[in-house]
There are 2 protein chains.
Amino acid sequence: MPVATTLTELQDQIRARYGDLSKRLQQVACYVLDNNNSLAFDTIKVIASQADVPPSTLIRFAKAFEFTGFNEMKQLFRKNLVEETVSYTDRARLFQDLESNQKIREKPSHILQEFARVNSQAMNQLAAQTPENKLEAAIDILSKAENIYLIGLRRSFSIASYLTYALRHLERRAFLIDGLGGMFKEQLSMVGPNDAVLSISFSPYAEETVTLSEAASQAGAKQIVITDSQISPLATFSDVCFVVNEGKVDAFRSQSASLCLVQSLAVALAFKQGKAQEI
Amino acid sequence: MPVATTLTELQDQIRARYGDLSKRLQQVACYVLDNNNSLAFDTIKVIASQADVPPSTLIRFAKAFEFTGFNEMKQLFRKNLVEETVSYTDRARLFQDLESNQKIREKPSHILQEFARVNSQAMNQLAAQTPENKLEAAIDILSKAENIYLIGLRRSFSIASYLTYALRHLERRAFLIDGLGGMFKEQLSMVGPNDAVLSISFSPYAEETVTLSEAASQAGAKQIVITDSQISPLATFSDVCFVVNEGKVDAFRSQSASLCLVQSLAVALAFKQGKAQEI
DNA sequence: TAATAAATGAAATTTTTATTTCATTTATTA
DNA sequence: TAATAAATGAAATAAAAATTTCATTTATTA
């Protein structure tokens, strides 16, 4: 029997062989099957005392399932725990380590596959980590705003322009600050306390975005921010701040999670307005 | 200031004191705020090398926030990860049971979760169904084109604008047809046989996109098309046609798969050009 | 039941990890 | 700019972990 590479696999193996294990190993098996978090986090010593066996038995157990040591087995539990929440940055790095074959890494289909994988993970993480009340707060701001200004430059421009499109379809007064004709400031000059500004900016933070956000903040407008770090310069002015951990393939940062967030906001707003029409 | 007892508390403290920290400690602060999973799992050595500081700095950081050592701080991250996983699982189950409950279906967090799920599926399907040779062909066209014109209106504008941004960063001569000043035709008037046109359009197909594509085709330019059906009007003129099946939440069609495709094209092109710089 | 094999656990050993120390660099202040 | 303080990082040390060893117990079988 080959060594298990996922937690599910391992659990199946344990159940299959349970009857043949010695008394002590059965005791370990029970603990292992029922305490995933403990296995992921605790040291051998702690696990041993909780499962009421000596440490050496744990190592015997791991070796009985073809692992080179207890730590190797432990990795399955960690991987499993992380899968639901991992920042895809870490995963991508891991993948690089394993996948040293340059020829394969550069194949377009492989890149597409990697992006799909990485983006899935990033979006699921976003969904798991974004608290209900932040979303509610953002939607509340958007639904009450007289005018909504969208700021997103360079890399973030596409996201901002999508949201503008969606908001317009919801018949909201949405204005995309695009700096056409160099008129950044002019485009925001009418912003007031009844308005909302949604800014999107990722490192390296576009200077104009920060300046404009600050200006809007001083004008008393409500601020929603989408950014990539808790200490983004934009976070300071924000009423609601979404920190999005985007996926990466090599050095290439994705945008999917941000797009997903923005779409969700638009759809939730549509429901709130009772306008469930197509976007 | 008392020692933090939850991750949120710690994050607040870090943000509050960020400005007063030394350069190295700020560097640690950034890493700590943005890499929860790494903090929960990795050893000091690993974290230190990823944050690019010596191990001792990490311990200084922990002590600066009143912890007795780094491990004490680490516990907050572990606790948080475990709690998060639990609530995530619970939520998922809850929604399955109550799928028909309108109140829940309209909750923003549910919408976000649904989009994440649906988009993951769509992207993975895209990756699985897009043949290598189509990708190769598209990249070949892009890499040989003298000028690249991007057409995407309304819903597709954000995707087109993202690709324009990416191509510009790869130092390709990319031009976004945005119809500024009503000059659609004029923007495309210079297109010739050595150029490529990439059109993006989904049902209902924007009339201008179809017209422009046709014109470009007659001018002898290579055509890459991203659309949602084999029988899209654009498919006719195309040299390479990607059919993307986007995810939907209720009637709301997503864009993630298209974005994923477009990013993959850009990255693959970057590799081909040997310019693996950040996009 | 005696002889043998398998399982077990305490303790020693090895390995890894966290922490401290201290010489050096960098920033601040007089 | 000299003097002083703060910050830094390499390397030593301390602590803790994982693993192995081996004497002892328990089970198996001739």
Side-chain angles (χ1 to χ4, degrees), chain A residues 1 3-4 10 13-14 17-32 35-79 81-82 90 97 231, chain B residues 1 3-4 10 13-14 17-32 35-79 81:
Chain A
M1 186 168 45
V3 63
L10 175 61
Q13 288 186 13
I14 294 176
R17 291 179 48 190
Y18 183 81
D20 302 331
L21 298 174
S22 74
K23 215 172 82 186
R24 276 289 193 246
L25 292 190
Q26 288 190 352
Q27 201 179 325
V28 174
C30 286
Y31 188 86
V32 166
N35 297 276
N36 291 358
N37 288 335
S38 167
L39 265 286
F41 284 124
D42 296 334
T43 65
I44 287 203
K45 206 169 151 188
V46 172
I47 297 171
S49 82
Q50 291 193 16
D52 198 30
V53 296
S56 40
T57 302
L58 292 184
I59 286 143
R60 281 194 195 105
F61 182 87
K63 293 197 167 174
F65 286 87
E66 314 288 336
F67 296 102
T68 62
F70 189 81
N71 258 346
E72 196 179 291
M73 186 173 94
K74 183 183 249 184
Q75 297 316 311
L76 293 189
F77 290 84
R78 295 192 164 184
K79 202 175 74 180
L81 189 53
V82 162
D90 296 341
D97 294 346
I231 56 145
Chain B
M1 183 170 46
V3 62
L10 174 63
Q13 288 185 13
I14 294 175
R17 290 179 49 190
Y18 183 81
D20 302 330
L21 298 174
S22 74
K23 213 171 84 187
R24 274 292 191 247
L25 293 189
Q26 289 190 351
Q27 201 178 326
V28 174
C30 286
Y31 188 86
V32 167
N35 296 277
N36 293 358
N37 291 322
S38 167
L39 265 285
F41 284 120
D42 295 333
T43 65
I44 287 203
K45 207 169 149 190
V46 172
I47 297 171
S49 82
Q50 291 194 15
D52 199 29
V53 297
S56 40
T57 303
L58 291 185
I59 285 143
R60 282 192 194 106
F61 183 87
K63 294 199 166 173
F65 286 87
E66 314 289 337
F67 297 99
T68 61
F70 190 81
N71 260 346
E72 197 179 292
M73 186 173 95
K74 184 183 247 185
Q75 297 317 312
L76 295 188
F77 289 84
R78 297 191 161 186
K79 203 176 71 181
L81 187 53

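Every chain is numbered from 1 and lettered A, B, ... according to where its sequence line falls, protein lines coming before strand lines. Atoms considered below: every heavy atom in the structure, side chains included; atoms not considered: hydrogens, waters and symmetry mates.
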Review point. Does a side-chain N or O from A:Ser22 land closer than 4.0 Å to OP1 or OP2 of C:dT8, or not?
Key: yes
**Study point:** Steps toward side chain to side chain contact (heavy atoms under 4.5 Å, CB included) verdict (A:Phe61, A:Val53)
**Key:** CA-CA 11 Å; A:Phe61 182 87; A:Val53 296; over 6 Å; no
Point to revise | Option among B:Asp52, B:Leu58, B:Thr57 that satisfies the side chain to side chain contact (heavy atoms under 4.5 Å, CB included) test with B:Arg24 | key: B:Thr57
Point to revise | Among D:dT19, D:dT8, C:dT8, the one nearest A:Lys23 by side-chain distance | key: C:dT8
Check your understanding: C:dA18, D:dA18, C:dT8: which one has an atom nearest the side-chain heavy atoms of A:Ile44?
Key -> D:dA18
Exercise for review: Taking only the side-chain heavy atoms of A:Leu25 (C-beta and beyond), determine which of C:dT20, C:dT8, C:dC22 contains the nearest atom.
Suggested key: C:dT8
Check your understanding: Which nucleotide in the list C:dT8, D:dA18, C:dT19 gets nearest to the side chain of A:Arg24?
Key -> C:dT8
Revision key, fill the gap. What one should report as the nearest heavy-atom pair of A:Tyr18 and A:Gln26 is O-NE2, 3.0 Å
Check your understanding: How would you label the contact of B:Ser56 with the nucleic acid (heavy atoms, under 4.0 Å): base, sugar-phosphate, or nothing?
Key -> base
**Study point:** Identified pairing partner of D:dA3, criterion: Watson-Crick or G-U wobble below 3.5 Å
**Key:** C:dT28
Exercise for review: Please give the nucleotide sitting opposite D:dA18 as a Watson-Crick or G-U wobble pair, both distances under 3.5 Å, or none.
Suggested key: C:dT13
Check your understanding: Can you name the closest pair of heavy atoms from A:Lys74 and A:Thr43 and give their distance?
Key -> NZ-CA, 4.0 Å
